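Inspection log for the structure reproduced underneath, given as structure tokens.
To find a chain, count down the sequence lines: A is the first, B the second, and so on, and within it residues start at 1. Here the structure is a predicted model, which means the values were calculated and not measured.
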Number of protein chains: 2
Amino acid sequence: MDTLFAALADPTRRGVVERLTRGEAPIKELAAPHDMALPSFMKHIDRLEDAGLVTTRKVGRQRIVALTPDAFAPAETWLERQKRAWEERLDRLEDLAVRLEADSTDDA
Amino acid sequence: MDTLFAALADPTRRGVVERLTRGEAPIKELAAPHDMALPSFMKHIDRLEDAGLVTTRKVGRQRIVALTPDAFAPAETWLERQKRAWEERLDRLEDLAVRLEADSTDDA
DNA sequence: CATTTGGTTAGCCATATAGCTTAGTATATC
DNA sequence: GATATACTAAGCTATATGGCTAACCAAATG
């Protein structure tokens with residue numbers, strides 16, 4: 001989870017992910033839009049792979065990078081759970097407020 | 001976006017967020033379950049605040065921390081967009097495969 | 001077989017991160 | 001007014017991160 005969110009906390013890496021939703025590609029092609037030396041770029045790919053967001057395979061002298069199926073699932077699940085917990089609490093608070101309001105008008 | 005994902009890339013901070021979905025709390029109380037010196041813990045709160053995940057206000061000598069409404073929205077939106085792009089591409093590929101298959105059986 | 005091309009390895013540098021301690025400051029509480 | 005409480009500020013350390021260059025390896029290509 002740490003590595004997943006950390007992998008997404010960098011614009012270069014998010015850019016690579018966005019590119020990969022349109023299909024796999026070799027490293028050279030992925031690197032092209034990012035003004036940086038190849039070894040530096042490679043580290044980002046490594047980090048994406050460590051996070052499980054991406055898989056790579058060697059074809060000839062090229063390394064092809066592809067998005068992992070359900071790559072985002074753990075992150076989405078966690079976020080969804082938090083949002084739900086938060087909204088349920090707001091609902092309970094609202095419910096409580098409504099009931100208190102009803103009580104006060106009963107008194108009148 | 002960078003700071004948002006980075007803020008979530010740490011178990012202490014995710015723990016704080018999870019706790020806050022059940023309601024706001026002062027720093028001391030939030031810090032209690034995390035075995036670490038207060039100043040160290042404070043830095044995590046600062047990082048959550050910088051990411052816009054959390055707001056704080058001073059009440060007497062306490063600092064109350066609360067989850068920001070729609071705190072996760074940007075992260076969720078980005079993830080959702082990627083997932084959608086990815087799935088649309090898979091659909092197109094499947095569609096293409098089905099059509100190719102149909103063509104080949106037509107030939108037979 | 002010489003030369004590109006696409007990665008890869010190794011190692012360096014600057015900054016950021018996550019932790020610490022020690023020493024304040026401001027608000028309660030006795 | 002003295003003391004305790006809840007931060008807050010300053011400054012230190014170790015490791016991680018994001019970038020670089022230089023040199024190397026292996027698979028094309030001429």
Side-chain angles (χ1 to χ4, degrees), chain A residues 1-20 22-68 71 75 78, chain B residues 1-20 22-68 71 75 78:
Chain A
M1 203 71 158
D2 287 20
T3 51
L4 213 192
F5 278 120
L8 295 175
D10 177 283
T12 298
R13 292 192 293 262
R14 284 198 306 279
V16 170
V17 168
E18 287 170 8
R19 165 61 247 274
L20 289 176
R22 297 196 297 281
E24 60 182 27
I27 286 185
K28 196 75 191 305
E29 186 184 328
L30 292 173
H34 303 281
D35 185 29
M36 124 184 6
L38 237 206
S40 309
F41 184 78
M42 282 285 304
K43 283 196 193 174
H44 288 297
I45 300 295
D46 289 346
R47 246 134 119 37
L48 287 170
E49 196 167 11
D50 287 349
L53 277 166
V54 131
T55 57
T56 73
R57 67 201 148 90
K58 201 96 201 237
V59 173
R61 68 187 162 182
Q62 290 187 314
R63 178 168 296 284
I64 310 293
V65 185
L67 216 52
T68 305
W78 188 87
Chain B
M1 203 71 156
D2 287 20
T3 51
L4 213 192
F5 278 121
L8 295 175
D10 178 283
T12 300
R13 291 191 293 262
R14 283 198 306 279
V16 169
V17 168
E18 288 170 7
R19 166 58 248 274
L20 289 176
R22 298 196 297 280
E24 61 182 25
I27 286 184
K28 196 77 191 302
E29 187 184 327
L30 292 173
H34 302 281
D35 185 28
M36 127 185 1
L38 236 207
S40 309
F41 184 77
M42 280 286 304
K43 284 198 192 171
H44 288 296
I45 300 296
D46 289 345
R47 246 136 118 36
L48 286 171
E49 196 167 11
D50 287 349
L53 278 166
V54 129
T55 57
T56 72
R57 67 202 148 89
K58 202 96 201 236
V59 173
R61 66 188 161 180
Q62 290 187 314
R63 177 169 298 283
I64 310 294
V65 184
L67 217 51
T68 305
W78 188 88

If a protein heavy atom is under 4.0 Å from the base, mark B; if only from the sugar-phosphate, S; if neither, -; do that for nucleotides 24-30 of chain C going 5' to 3'. ---BS--
Nearest-nucleotide wise, let me know which of B:Pro26 and A:Thr12 is further upstream toward the 5' end of DNA chain D. B:Pro26
When you match B:Leu38 and A:Ala9 each to their closest nucleotide on DNA chain D, which lands nearer the 5' end? B:Leu38
Please examine the side chains of [Y] and [X], heavy atoms only from C-beta on, and report whether any two atoms are closer than 4.5 Å.
X: A:Asp10; Y: A:His44; value: yes
X: B:Met36; Y: B:Thr12; value: yes
X: A:Leu8; Y: B:Met1; value: no
X: A:Leu38; Y: A:Ile27; value: yes
X: B:Val54; Y: B:Leu67; value: yes
X: A:His34; Y: A:Val16; value: yes

May I ask you to decide whether A:Arg57 forms a salt bridge with A:Glu24, counting only side-chain N to carboxylate O separations under 4.0 Å? yes
Quickly work out the [X] [atom1] to [N] [atom2] distance and round it to whole Å.
X: B:His44; N: C:dA16; atom1: NE2; atom2: P; value: 17 Å
X: B:Asp35; N: C:dC20; atom1: CG; atom2: P; value: 8 Å
X: A:Met42; N: C:dG11; atom1: CE; atom2: P; value: 17 Å
X: B:Phe41; N: C:dG19; atom1: CZ; atom2: P; value: 11 Å
X: B:Met36; N: C:dA18; atom1: CE; atom2: P; value: 10 Å
X: B:His34; N: C:dG19; atom1: NE2; atom2: C1'; value: 15 Å

Answer with base, sugar-phosphate or nothing: what part of the nucleic acid does B:Pro39 contact at a heavy-atom distance below 4.0 Å? base
Give one of base, sugar-phosphate or nothing for A:Ile27, where a contact means two heavy atoms less than 4.0 Å apart. sugar-phosphate
Is any side-chain N or O of B:Lys43 under 3.5 Å from a base N or O of C:dG19, one able to act as donor and the other as acceptor? yes
For C:dT8 and A:Lys58 - does any side-chain N or O of the residue sit under 4.0 Å from the phosphate oxygens OP1/OP2? yes
Only one of A:Thr56, A:Leu20, A:Thr55, A:Val17 forms a side chain to side chain contact (heavy atoms under 4.5 Å, CB included) with A:Leu48, so which one is it? A:Val17
Rounded distance (nearest 0.5 Å) linking atom CD of A:Glu29 with atom CD1 of A:Ile64: 8.5 Å
What is the 5' to 3' range of DNA chain D, first to last nucleotide, that sits under 4.0 Å from any heavy atom of chain A? D:dT17 to D:dA28
